[in-house]
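Below is one structure, written out as structure tokens; the observations come after it.
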Amino acid sequence: MYSDDIHTLPPAYADIEAASQTIRFSMPSDRQTGAILKMLAASKPKSKLLEIGTGTGLATAWLLAGMDADSTLTSIDNEPTYQAIARQVLGADDRLQLVCTDAGNWLETTDQTFDLIFADAWPGKYANLDATLNALAPGGLYVLDDMLPQPNWPDGHGDNVDKLVRELEGRHDLHLVKLAWSTGLLIASRN
């Protein structure tokens with residue numbers, strides 16, 4: 001396994017990580033997931049990206065690091081305390097729109113489409129799945145993490161993961177791959 005090199009981290013990463021530890025944020029995306037997100041964002045020039053679950057902005061920083069100047073990222077979270085860190089550290093980037101609202105309601109009412117959707121929250125993953133996939137443009141990428149058992153999973157959560165994977169595998173409008181990388185990734189491309 002390759003070691004993490006501080007020089008390859010997004011510029012704002014250390015500041016977000018320190019602030020996350022200060023508030024004891026316990027749900028960060030890990031660096032391996034971040035590296036994939038950066039690469040996938042770079043593969044989509046002049047695109048619209050959606051992150052469901054900003055948290056404190058660790059994954060947001062990776063996405064921004066991969067995006068070109070003509071791409072935009074909308075990042076949604078319903079917890080203002082967490083998202084305030086992302087806003088403080090990343091808010092000056094005019095490619096980023098931080099939205100603090102219920103992601104499920106937002107997904108059900110949006111008419112936007114996105115070239116990449118990273119779903120890192122219950123909405124967009126285990127709830128509002130049809131609305132999320134309706135917001136995925138043809139050729140767009142749908143990315144999920146935490147698909148392998150995690151220490152912080154509540155009892156029975158593995159059943160939710162299995163059900164989601166079966167549902168995605170049964171769709172004819174997606175091509176997907178499951179990766180035993182990081183916390184377990186699932187990446188799907190829409191026809």
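Quick note: residue numbers are just sequence positions, from 1.
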Quiz item: Between Thr33 and Ser182, is any side-chain donor less than 3.5 angstrom from a side-chain acceptor?
Solution: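 Result is yes, a qualifying pair exists.
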
Quiz item: If we ignore angles and hydrogens, is there a donor and acceptor under 3.5 Å between the side chains of Ser29 and Asp120?
Solution: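 A pair is found: one side chain offers a donor N or O, the other an acceptor, under 3.5 Å apart.
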
[X] side-chain N/O to [Y] backbone N/O, donor-acceptor pair under 3.5 Å:
X      : Y      : result
Thr113 : Ala137 : no
Asp102 : Asn105 : yes
Asp146 : Thr183 : no
Asn128 : Gly124 : no
Gln32  : Trp181 : no
Gln150 : Leu148 : yes
Thr22  : Ala18  : yes

Self-check item: Exceeds 12 heavy-atom contacts within 6.0 angstrom, atom CD of Glu108
Solution: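 Yes, enclosed.
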
Quiz item: Does atom NZ of Lys48 have more than 12 heavy-atom neighbours, drawn from other residues, nucleotides or ligands, at distances under 6.0 Å?
Solution: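 Yes, NZ of Lys48 has more than 12 neighbouring heavy atoms, counting only those of other groups under 6.0 Å.
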
Distance-minimising heavy-atom pair for [X] and [Y]:
X      : Y      : answer
Leu168 : Leu186 : CD1-CD2, 3.9 Å
Ser75  : Glu51  : OG-OE1, 2.6 Å
Trp153 : Gly158 : CZ3-CA, 3.7 Å
Ala121 : Gly53  : CB-CA, 4.0 Å
Thr56  : Ser20  : OG1-OG, 2.6 Å
Gly55  : Asp77  : N-OD2, 2.7 Å

Could you measure the distance from the [atom1] atom of [X] to the [atom2] atom of [Y]? Nearest 0.5 Å is fine.
X      : Y      : atom1 : atom2 : answer
Asp145 : Lys125 : CG    : NZ    : 4.5 Å
Asp115 : Lys46  : CG    : NZ    : 12.5 Å
Leu37  : Leu63  : CG    : CG    : 4.5 Å
Asp93  : Leu64  : CG    : CG    : 5.0 Å
Leu98  : Gln83  : CG    : CD    : 4.5 Å
Leu49  : Thr74  : CG    : OG1   : 9.0 Å

Can you hop from [X] to [Y] via hydrophobic side chains spaced under 4.5 Å?
X      : Y      : value
Trp62  : Phe118 : yes
Leu96  : Ile52  : no
Leu107 : Leu144 : yes
Leu176 : Leu136 : yes
Tyr13  : Leu73  : yes

Quiz prompt | side chain to side chain contact (heavy atoms under 4.5 Å, CB included) between Leu90 and Ile16, intermediate numbers included | solution = CA-CA 9 Å; Leu90 302 170; Ile16 297 169; 3.8 Å; yes

Practice problem: Please report the C-alpha distance between Leu174 and Leu133 in whole Å, then the side-chain angles of each, then the deciding distance to 0.1 Å, and finally whether the side chain to side chain contact (heavy atoms under 4.5 Å, CB included) criterion is met. | Solution: CA-CA 9 Å; Leu174 297 176; Leu133 295 176; 4.1 Å; yes

Quiz item: Under 4.5 Å between any side-chain heavy atoms of Lys163 and Asn160, yes or no?
Solution: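 No, every pair of side-chain atoms sits at 4.5 Å or beyond.
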
Quiz prompt | Within-4.5 Å side-chain heavy-atom neighbours: Met147 and Leu185 | solution =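 Side-chain contact under 4.5 Å: no.
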
Take the angle between the ring planes of [X] and [Y] and call it parallel below 30°, perpendicular above 60°, tilted in between.
X      : Y      : result
Tyr126 : Trp122 : tilted
Phe25  : Tyr82  : perpendicular
Phe114 : Trp106 : tilted

Quiz item: Arg190 and Arg171: side chain to side chain contact (heavy atoms under 4.5 Å, CB included), yes or no, with the steps?
Solution: CA-CA 10 Å; Arg190 184 169 181 190; Arg171 293 183 66 111; over 6 Å; no

